[in-house]
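Comments concern the structure below.
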Protein chains: 2
Amino acid sequence: MSSVTDKISERIPSAERREQILEAASRVFGERGYFGATTDQIAKEAGISQPYVVRMFGGKENLFVGVLTRSLDRLLVAFTEAIAQWKAEGSPAAVDPASDVTPSGAHGEIGRRLGLAYVNLIEDRGLLLSLMQAFSMGQDPTIGGKARDGFLTIYRLLRSEAGFTPEEARSFLAEGMLLNTLLGLRLPDEYGKDDAATELVECTFRTKLQLVLEVSGDEGARA
Amino acid sequence: MSSVTDKISERIPSAERREQILEAASRVFGERGYFGATTDQIAKEAGISQPYVVRMFGGKENLFVGVLTRSLDRLLVAFTEAIAQWKAEGSPAAVDPASDVTPSGAHGEIGRRLGLAYVNLIEDRGLLLSLMQAFSMGQDPTIGGKARDGFLTIYRLLRSEAGFTPEEARSFLAEGMLLNTLLGLRLPDEYGKDDAATELVECTFRTKLQLVLEVSGDEGARA
DNA sequence: GTCTATAGGAAGATAGAC
DNA sequence: GTCTATCTTCCTATAGAC
């Protein structure tokens, strides 16, 4: 059996190893970005050697694309499920545009469900942060295209499946991008330490405050 | 007089040179992020040698902090001016909270003015993108703190000077973060090429479409 | 104030053994 | 499937001349 001090990792199927690496990479890329992250940090996080990481994915860029693809897939799945469930429970067929004016952010019940599904993704440490990192790389020849595609796929899903108007979709995405930004800033770590930070975090994460603070704390402890 | 092919740059006051470097750095950091940008790229962009960039700021990190500070200053100035002008023209002393429910995003006239001031900052190529990059570096011991401070300063300004409620401030910031994200994704470059991209860009930048497309195009041409 | 030369140190990738 | 050793490239920072 393998002990913690073994230098050579247990021999496991490559598919499984691949997934481990993607998870580790998601966290490290999320923390430090594409350029800031090193394949060595990712390897250590995954408990294997640096060359193995590179060999498995054929290079750092491919690995990042893998992480991005995985993150987008999970996000799409989460949204698709939320929409399916909403429809199954009998969604208001079509909202009268004129009456669809709610105080903060418009979009009704489906908006609330999608928002919750989004916040729940924080549990997958690194997912939203990796996405955010990718979304700042539009200029990159390889990554930029994938990032735009993914973002637009989400937009189309909101428009056609969730029935959002362009305004509603924009507003919903905006909330998501703010959430990403607060995570990127590590503002949840300031909760209780700074009045403005506390108010803003509370106001943004109301529904899931506990989750956010726990996850944020974990990350702080490891760094 | 100096010709374009001169190897040695014109001798100019250090304050002026400093500003040139900050401008160049703002663009490069905005494009590639803190880790992705190299001091050499910045030097080339500024038309001077790499060691001079380092010497002038004492290191890459200090340079980034300089860029961040400059960006935040300009943003604060723009907002402060917009608020001052709004107040001078006789702002509705205090909005009745119950009636302050507008279709897309709440916040009334002052929100529109601040939003316009924000979009206008796109003209300073690199400013918003550098900010966005900084906002994803909360984990960095040096930069993270400055970034959080800056973000919270904006938040406090919105709350106390512009009279926003927490909800309004959050909603306003969210719109800003979406705008940053679209710029980071280079989505304006897709305008007219993809239906979803066109719709979203149009919907987000309505007031300033022309400006956005021009600036975005410029960047594309240089890359 | 500005440069050239270069030291010193990562970091990504490859070769090859087990 | 996984590692050790190492090549090569690139980058920040320093030294020192003009």
Side-chain angles (χ1 to χ4, degrees), chain A residues 1-25 28-29 31-67 133 137 140-143, chain B residues 1-25 28-29 31-67 133 137 140-143:
Chain A
M1 295 307 110
S2 69
S3 86
V4 196
T5 53
D6 276 344
K7 282 203 139 183
I8 295 184
S9 309
E10 208 181 344
R11 209 181 154 87
I12 65 176
S14 69
E16 197 174 324
R17 187 64 85 187
R18 209 186 133 84
E19 187 52 34
Q20 284 181 351
I21 297 175
L22 281 173
E23 252 162 60
V28 179
F29 280 134
E31 282 286 318
R32 322 227 331 149
Y34 175 66
F35 294 109
T38 72
T39 53
D40 196 50
Q41 289 166 340
I42 295 167
K44 290 220 169 67
E45 185 92 2
I48 58 178
S49 72
Q50 180 266 333
Y52 191 18
V53 170
V54 172
R55 163 167 298 215
M56 176 81 83
F57 284 85
K60 187 185 183 182
E61 185 174 82
N62 274 326
L63 176 54
F64 190 83
V65 171
V67 167
Q133 297 287 169
M137 296 189 65
D140 184 281
T142 310
I143 299 169
Chain B
M1 294 306 111
S2 69
S3 88
V4 196
T5 52
D6 276 345
K7 282 201 139 186
I8 295 183
S9 309
E10 207 180 344
R11 208 182 156 87
I12 65 176
S14 69
E16 197 173 325
R17 187 63 85 185
R18 208 185 136 83
E19 188 53 33
Q20 285 180 350
I21 297 176
L22 281 173
E23 251 163 60
V28 179
F29 280 134
E31 282 286 319
R32 323 228 328 151
Y34 175 66
F35 294 108
T38 71
T39 53
D40 195 49
Q41 289 166 341
I42 294 167
K44 290 220 168 67
E45 186 92 2
I48 58 179
S49 70
Q50 180 267 334
Y52 191 19
V53 170
V54 173
R55 161 167 297 216
M56 175 81 81
F57 284 85
K60 188 185 182 182
E61 185 173 83
N62 274 326
L63 177 54
F64 189 83
V65 170
V67 167
Q133 298 286 170
M137 295 189 67
D140 185 280
T142 311
I143 300 169

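Per chain, numbering begins at 1; letters A, B, ... match sequence-line order.
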(request) Might you point out which heavy atoms bring B:M56 and B:R18 nearest each other, and give the distance in Å? (result) CE-N, 4.0 Å

(request) Looking only at non-hydrogen atoms, find the nearest pair between B:L22 and B:V67 and report the distance. (result) CD2-N, 3.7 Å

(request) Could you tell me from which nucleotide to which nucleotide of DNA chain D, 5' to 3', there is an atom under 4.0 Å from chain A heavy atoms? (result) D:dG1 to D:dA5

(request) May I ask you to test the A:T142-A:N62 pair for a side-chain heavy-atom distance under 4.5 Å? (result) no

(message) Between B:K60 and B:V54, is there a side-chain heavy-atom distance shorter than 4.5 Å?
(response) no

(message) Heavy atoms only, 4.0 Å cut-off, all strands: where does B:S49 land among base, sugar-phosphate and nothing?
(response) base

Give me the distances for all protein-to-nucleotides 11-14 of chain C N/O pairs that come in under 3.5 Å?
unit_1	atom_1	unit_2	atom_2	d
C:dG12	OP1	A:K60	NZ	3.0
C:dG12	OP2	A:T39	N	2.9
C:dG12	OP2	A:T39	OG1	2.8
C:dA13	OP2	A:K60	N	3.0
C:dA13	N7	A:Q50	NE2	3.1
C:dA13	N6	A:Q50	OE1	3.1

(message) For A:F64, run the ring pair (Phe, Tyr, Trp, His ring centres under 6.0 Å) check against A:F57, A:F35, A:Y34 and tell me which one passes.
(response) A:Y34

(request) Please test A:F29 against A:L63 for side-chain contact (heavy atoms from CB on, under 4.5 Å), starting from the C-alpha separation and ending with a verdict. (result) CA-CA 10 Å; A:F29 280 134; A:L63 176 54; 4.0 Å; yes

(message) Any side-chain to backbone donor/acceptor pair from A:Q41 onto A:T38? Under 3.5 Å, distance only.
(response) yes

(message) With a 3.5 Å distance limit and no angle check, can you tell me whether A:S9 reaches the backbone of A:G47 through a side-chain donor-acceptor pair?
(response) yes

